[in-house]
Every structure is written in structure tokens, then in C-alpha cells.
Amino acid sequence: MGLPKPIEADASDRIREAQLRKEMAKREPTWEEVWFSGWISHTGTTKKAIFQTNLSNLDKERLKSIKSAIDADEIGVGVESLKKFTKAHAMRLWRDLQDQRKESVLKDMVAKTPENYRLVQTESQLEQLIVDLKEEPIIAFDTETTGLDVYNDTIVGMSLTLPRADYHVYIPVAHKTGKQLKRSVVLKALSAMLTNSNIGKVLHNAKYDMHMLLRHGVRMRGLAHDTRVAMALLNENEPSYALKNLATKYGKHFGFEDTSHTFEDLFGKTCFDEVPLDVALVYAAKDTHLTWRLYEWQRQHLQRLGKLDQLYQELENPLIEVCVDMEQCGFLIDQNYARQYGEELRSEIYQLEQSLTDHFGNINCNSPIQLSRKLYDELKLPEVNARSTDVKTLKALKDKHPGIEYLLKYRELTKLLSTYVEALPERIKSDGRIHGSFNQVATVTGRFSSNEPNLQNLPTNARKLIIAPPGKLLIGSDFSQIEPRVLAHISGDKHLQEPYLNGQDLYSTLASRVFKKPIEECGDGSKYRKMMKVGLLACMYGTSMFTLASQLTITVEEAHEFIGDFYKTYPQVHSFIKDTHELVKENEYVETLYGRKRRFPGHRQKAKVYDSLVKQICEILGVEELPLNVWRNKDIPRNLKRKFYEVKGDVESARRQSVNAIIQGTAADVMKRAMLNLYQYCSRRGWALCGTVHDEALMMVDDTVTECDVKEIEACMTSAASLDVPLKVDTEIMQRWGEGVKKGEWFASAA
DNA sequence: AGGGCGAGCCAC
DNA sequence: AAACGTGGCTCGCCCT
């Protein structure tokens with residue numbers, strides 16, 4: 001092998017190298033990057049140019065030849081040690097460099113501690129702080145803790161920004177080293193301020209700090225602004241809402257030019273109570289400082305946007321403490337039931353496994369790869385759906401092999417067991433409850449999400465693990481058909497509103513009109529009603545004719561005709577959808593009824609291209625409307641097709657999402673408003689709102705609850721919005737979630 | 001060993 | 001060529 005020719009690094013190479021270094025600082029690099037970077041450091045920058053070249057400039061072949069040249073001792077450039085430069089060596093070097101970098105960064109940070117960052121370590125300093133706080137109508141606040149578990153970790157320090165006095169403090173209370181006050185002393189001194197709802201607090205992700213303060217018995221009031229929640233309203237597409245990432249990205253707009261380092265960067269896995277106070281001060285005080293600046297910047301934008309500000313002030317901000325209380329409430333798990341049910345499932349699964357081995361041999365049925373090999377290669381089952389092994393495909397193959405039904409049952413039971421029946425009890429905290437978290441700003445449409453565990457996707461059988469504590473009952477109130485009602489309101493379609501105003505069944509009425517059948521033939525369980533229900537949902541979700549056809553087991557042409565008839569009968573629904581597409585093309589965003597925005601950056605240009613291509617295609621074919629299948633149409637030129645499919649996916653996806661975001665988002669707004677009403681009502685009664693599943697609110701109430709109380713609960717929800725159609729709420733009462741009884745029956749049997 | 005990712009599946 | 005919107009969790013598989 002010949003000696004690789006040195007590659008001269010020019011200025012642009014060096015720039016790219018710097019970029020690579022920057023990239024490497026942000027994420028765990030691949031070992032090749034490490035190897036190369038370490039190599040550069042190891043050899044020094046004065047060595048041959050070949051070593052100064054950016055890795056990304058070397059094609060794979062060249063890199064390989066260089067490596068093997070080194071291995072074969074063919075590179076004799078005076079870097080003898082290089083041939084011993086192994087991966088392990090590189091990683092070690094990398095870590096050393098990182099540590100050195102960390103240390104020097106920390107040293108540098110401490111040296112540059114701003115003058116108005118102060119530690120509060122003594123009684124007199126604390127007293128002075130309390131005095132100064134009396135002059136502040138609004139402050140920024142943050143806690144530093146031993147970890148991220150709000151039910152087990154503890155506060156090790158607190159930082160505050162005093163905007164009027166123009167200084168920032170860090171109050172260590174549980175650091176392992178350094179002079180500091182006791183946590184109880186500090187909290188006692190601060191509690192008047194923290195619990196005073198007239199003193200505004202600005203926090204980043206307040207829910208977390210509020211939980212933490214509750215760990216030490218302090219209920220924070222007067223949350224004025226949460227920069228994380230507000231950021232989600234200002235840009236629902238933000239890739240990360242971590243304070244440091246927001247500072248890096250937007251800092252230049254509010255005077256934070258330097259990129260801040262994340263906790264991980266600086267401290268890795270070290271617990272914050274081990275961090276020396278001088279470092280802790282500059283890190284922690286900067287957090288509230290940053291939060292405050294971010295707040296001021298966000299205020300400008302919210303005020304400019306008006307409606308969004310109102311949404312924040314009236315809805316999202318008050319909802320934060322509702323979330324805190326919901327999470328604190330938690331869900332009680334029936335542990336005996338869980339054990340017993342788990343055993344039942346395990347034995348049933350064991351038997352199914354025996355049958356599966358008989359049918360399919362010794363394979364792992366949980367593995368799609370092994371399963372598809374068995375089903376399609378060995379057993380030669382027809383590949384109805386491209387070798388897929390999902391439920392839908394398996395159901396289609398049910399008649400083809402006797403083992404499939406066992407497989408389906410096995411899927412169902414193992415899912416239930418592993419994801420729910422075994423997993424939920426593992427999350428039980430010391431109070432016997434699970435405390436999942438609810439996130440009000442995790443979805444782009446404004447709906448709630450839930451995790452650790454997700455309480456919004458429990459199947460009925462898993463919900464049965466959750467019970468009301470003694471003396472309590474669970475109440476589940478759900479909005480009936482909220483999304484169609486929102487559509488009826490927003491589209492303004494009088495015909496769609498009619499059944500709601502007259503108390504008729506929506507889908508039967510729709511079906512009767514669209515299919516031109518007497519209402520008797522469109523009743524509950526009729527095929528027309530079923531079709532209509534699927535069809536309406538398809539319109540709200542923007543389903544393609546292909547999918548709709550397969551759902552209804554009709555042809556694409558029939559589906560197209562069906563939707564055409566629907567739009568003809570309900571023209572305002574059609575125009576709402578078309579108008580929305582136009583609107584999103586023009587503005588690149590849509591809004592819910594309450595001003596929540598869903599943005600589609602870059603859509604305008606793509607939509608223009610898309611529309612002009614549609615026009616061209618229609619002209620060539622001499623038709624008004626785009627044909628159902630463009631790809632197979634022989635009359636359309638190839639390059640036109642190619643251009644069309646380049647933008648088709650993105651544009652149609654944005655259009656579907658825009659229509660859906662208005663409907664789903666408005667429904668979410670209404671639910672959030674309802675939750676505020678319910679929270680107030682429940683608090684007054686000493687009850688608890690404990691969760692939400694999109695259109696349903698869950699409450700924990702005394703078992704003395706009356707029919708009248710339930711009416712008030714429902715009123716809290718129906719009065720949440722005044723639409724052109726009435727809102728309807730159905731309520732179930734239960735001791736065990738998943739075994740609910742309609743309110744009517746409950747009170748009838750109680751009497 | 002542990003992270004990333006896709007398949008699959010649960011909910012509305 | 002892809003085919004329905006919003007989520008989160010577990011598993012197998014593949015990678016380092």
C-alpha cells in the first residue's frame with residue numbers, strides 16, 4: 001500500500017473542523033470522530049497537514065487507507081506513537097480533554113461572576129434579602145435539587161432575581177461544603193413571599209419547583225409567568241424547551257450572547273449538593289437571571305399577539321397549579337387485584353405459549369423479524385400486507401393458519417401484562433399511589449399529554465387496577481362528541497348544527513340526509529350510521545380516499561362519491577376545509593377559537609408549487625379536479641409527476657394537520673377551560689381533580705356525592721364555552737376505574 | 001450495558 | 001409513492 005498523499009488543509013477546512021468540534025461538544029461523538037479529534041490533539045497542530053483535515057472531508061476509502069497505512073507502519077511522518085493509538089486510547093484522551101475543558105470552563109465562569117450575583121450565607125444577608133424583597137412586586141425564582149424526582153429528591157438551594165434592586169442571589173441550604181443557612185430557616189423566611197399571591201413569581205417550568213417546594217411543606221402562590229409554558233405557545237415547533245437551549249437560540253434578542261452550558265455539560269452526573277458554592281452561585285443565579293430576561297422578551301411578543309397573551313393569562317398559566325395538584329393527587333392502585341390479575345394473565349400466557357410452540361416452533365413470537373420469517377418463508381402464508389405482522393394483517397390471515405388466533409390472543413395479553421398490569425404497580429410511591437405527570441404543552445395542538453406512566457392510554461382492563469380510596473368515589477365526566485360539535489360551530493353549517501339543537505342523533509341525521517334514506521334506516525347499529533361516523537371523522541382528520549375506502553371496504557371511487565355527497569349536503573363544512581387550506585397557504589399558521597396557533601413554517605412556497613402543478617396536470621388532462629391516482633396516469637409527463645410527488649406529501653400533510661389542529665385544538669381549549677372550572681369547584685368541596693383523558697375529566701370525590709353535585713360538575717364543563725351548539729357531558733361514577741356506571745343508574749340504585 | 005430506532009399497540 | 005390527526009410505552013434489534 002502506498003503512502004497516502006497529505007491533504008493540505010485550507011481555511012475552509014479549518015472552519016469545517018471548528019464546526020465539527022462544536023458539533024462534538026453538543027453530543028456524544030462517534031468513535032471515529034473522537035479518534036480523529038484525539039489524533040489531532042495528540043499530534044499537535046504543527047504536524048503534517050493530513051492530521052489537520054476535517055474527518056468529514058475524508059471519504060471512507062481514504063480514511064481506511066490511512067488507517068491501514070498506520071497499522072502497516074507505512075506512514076513514517078515521525079509520529080511513532082500513533083500506531084498505538086487505539087479506540088480505547090482515543091476515548092480516554094477525549095474524556096481527559098472534556099474534563100480539562102470542563103474545569104477551565106468552570107474556572108472561567110467563576111472568575112467572570114457578575115458583580116450583582118450574590119450568595120446568601122448568613123442570617124444578616126438573609127434579612128437584607130427579605131427587606132429588599134418587600135420592594136419587589138414580581139421576581140424570578142428557581143430551585144436547585146438533588147435530582148429530578150419530585151417525590152424523592154430535595155432542595156439544595158434556591159435562586160432569586162430581584163429586578164428592581166437589580167441583583168441575583170443564590171441561597172445554598174444543603175450543599176456538602178461551604179457556609180450556609182439551614183433549609184428550614186430559609187424557607188421560613190421566604191414563605192411569606194412564596195405564598196403571597198400578590199407577589200408575582202416568574203419561573204421556567206414552575207410545575208417542577210412547585211412540587212419541590214411542596215416536598216418541604218410550602219405551597220407557592222402567585223405564579224405570574226412560566227417561561228417554558230409561554231414558549232410552547234409562542235413556538236409549538238421548538239425542538240427543545242430547556243432553558244439553556246432557549247438561551248442559546250434566542251439569547252441575542254435579550255442580551256445573553258454567550259451560550260450557556262447545560263447542567264450535564266458542567267457537572268455530568270455530580271449531585272448539585274457537591275458543587276462548590278462559588279460555582280453554584282454563578283450557575284444558579286444565572287438561571288433566574290436568564291428566566292427573567294426571557295420573561296421580558298416573551299412579554300413583548302405576547303402583548304404584540306394579544307389573543308395569545310389572553311390564552312396564556314386566562315388558560316395556560318392558571319392551569320399550571322391545576323397540573324401540580326392533579327399530579328400530587330395521583331391514582332390509588334389496588335395491589336391485590338394487580339397481583340391476582342397478573343397471575344391469571346401469566347398462566348393464560350403460559351398456555352398460549354405452549355400452543356404457539358406447537359404451531360410455530362421455537363421462535364420468539366414478540367419478534368416481528370422471526371415471526372415474519374416463520375409465517376411467510378416457512379409457512380408460505382400469502383403476503384397480503386407486505387410481510388407485516390401487525391394485528392390487522394394477522395386478522396386477515398386468521399383463516400389461513402390455525403395458530404394465528406393464539407398469536408392474536410398472545411399479543412393482547414402480553415401487552416396488557418407487560419405494559420400495564422406489571423408496570424403500573426412498579427411505579428407506586430410510598431403513599432400507595434402512582435403519580436404520573438400531566439403536561440399541558442407537550443402536544444402541538446394544545447391537548448394534554450401524560451407520561452411516567454401515561455395515564456391517558458390505559459385500556460379498560462388496566463384501568464381496573466385503579467380504585468377510589470376508602471370513603472371516596474371516582475367520577476369521570478366526558479364531553480360527548482366534542483370534536484363534531486366544534487366543527488359544527490366553526491364551520492357555521494346550520495344543517496350540521498341542527499341535530500344538536502334539536503336533540504337528535506348526529507350520525508343518524510347526517511346519514512339520512514347524505515344517503516337520502518328515511519331516518520328509520522339510519523338508526524343505531526345501521527350500516528349507514530356507521531359509515532357516516534367513519535366518514536365524518538375522515539373529513540376532520542383529512543383521511544385519503546384510499547384509506548377511507550379500505551376502512552369502509554368500498555372502492556376508492558365509492559368513497560370519493562360518498563365524501564362528495566357529504567360535502568354537497570353540508571357545503572359549509574366543505575368550505576371550512578377549503579378556506580383553511582387557503583388560510584394556511586397565506587399565513588403559514590392557523591388558530592383555534594381561543595387563539596392557540598399551529599404554525600407550518602415554509603408551507604407557503606410548497607403550497608404554491610403544489611397548486612401550480614395541480615393546475616398544470618388538470619390542464620393536460622382537461623379536467624377540473626385532480627384525478628384519484630396521478631402516479632398511474634399515463635397522460636401525465638414523468639417529470640411533472642416527479643415534481644408533484646416531491647411536494648405532495650408535505651403540503652397535504654400540513655393541510656390535514658391545519659384542519660385537524662383547529663378542531664382538535666379548540667376542543668382542547670374547551671377542555672382546559674372546563675378543567676379550570678372543575679378545579680375551582682372541586683377545591684371548594686375539598687375534592688380533587690385528578691386527571692384528564694382529552695375529552696374526559698377525572699375527579700376524586702367523597703362517597704356522599706349527590707345527583708345535584710354531579711349536575712354542578714357537568715355545569716362546570718358545559719359552561720366552559722358558549723358555542724352555537726350546546727355542549728353535552730356524560731358522567732360515570734365508579735369505585736374502580738373502568739367499571740363505571742352512568743350517573744342515572746348509580747343514583748337510581750342508591751335510592 | 002445502554003442508547004437510538006422502528007414496529008406495534010394502547011388511548012382519544 | 002403513499003395512503004388519518006394527537007400522543008407515550010415496550011419490545012426486539014442494532015449499534016457502540
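Reminder, nothing fancy here: chain letters follow the sequence lines and each chain counts from 1.
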Partners passing side chain to side chain donor-acceptor pair (under 3.5 Å) against [X] (at least two apart in sequence or in another chain):
| X | answer |
| --- | --- |
| A:T731 | A:S477, A:E714 |
| A:E646 | A:R642 |
| A:Y567 | none |
| A:S658 | none |

Write down the distance between [atom1] ([X]) and [atom2] ([N]), rounded to a whole number of angstrom.
| X | N | atom1 | atom2 | result |
| --- | --- | --- | --- | --- |
| A:M540 | C:dT6 | CE | P | 14 Å |
| A:L371 | C:dC13 | CG | C1' | 15 Å |
| A:E646 | C:dA1 | CD | P | 14 Å |
| A:R596 | C:dT6 | CZ | P | 15 Å |
| A:R642 | C:dA2 | CZ | P | 15 Å |
| A:L548 | C:dG5 | CG | C1' | 15 Å |
| A:E452 | C:dG7 | CD | C1' | 15 Å |
| A:E422 | C:dC9 | CD | C1' | 14 Å |

Measure from NZ or CZ of [X] to the centre of the six-membered ring of [Y], then state whether that distance is under 6.0 Å and the direction lies within 45° of the axis.
| X | Y | result |
| --- | --- | --- |
| A:K672 | A:F448 | yes |
| A:R228 | A:Y208 | no |
| A:K597 | A:Y589 | yes |

Contact class for [X] vs. all strands (heavy atom < 4.0 Å): base, sugar-phosphate, or nothing?
| X | result |
| --- | --- |
| A:D478 | nothing |
| A:S450 | sugar-phosphate |
| A:I369 | sugar-phosphate |
| A:A668 | nothing |

Is there a residue in residues 629-641 of chain A whose heavy atoms reach under 4.0 Å of DNA chain C, and which residues are they?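 Listed by number, they are A:N629, A:W631.
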Carboxylate-amine/guanidinium proximity below 4.0 Å for A:E422 and A:R346: yes
Between the side chains of A:D505 and A:R529, is the shortest nitrogen-to-carboxylate-oxygen separation below 4.0 Å, so that they form an ion pair?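 Salt bridge flag = yes for A:D505 with A:R529.
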Can you give one letter per nucleotide of nucleotides 3-12 of chain B, going 5' to 3': B for a protein heavy atom under 4.0 Å from the base, S for sugar-phosphate only, - for none? -----BBBSB
So, is [X] near the phosphate of [N], with a side-chain N or O under 4.0 Å from OP1 or OP2?
| X | N | value |
| --- | --- | --- |
| A:S550 | C:dA3 | no |
| A:S449 | C:dG8 | yes |
| A:S367 | C:dC13 | yes |
| A:Q551 | C:dA3 | no |

Derivation and outcome, salt bridge (Lys or Arg N to Asp or Glu O under 4.0 Å), residues A:D611 and A:K585: CA-CA 10 Å; A:D611 284 348; A:K585 180 176 161 187; 2.7 Å; yes
For atom P, what is the distance between B:dA7 and C:dA3, given to the nearest Å?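 Roughly 12 Å separates the two P atoms.
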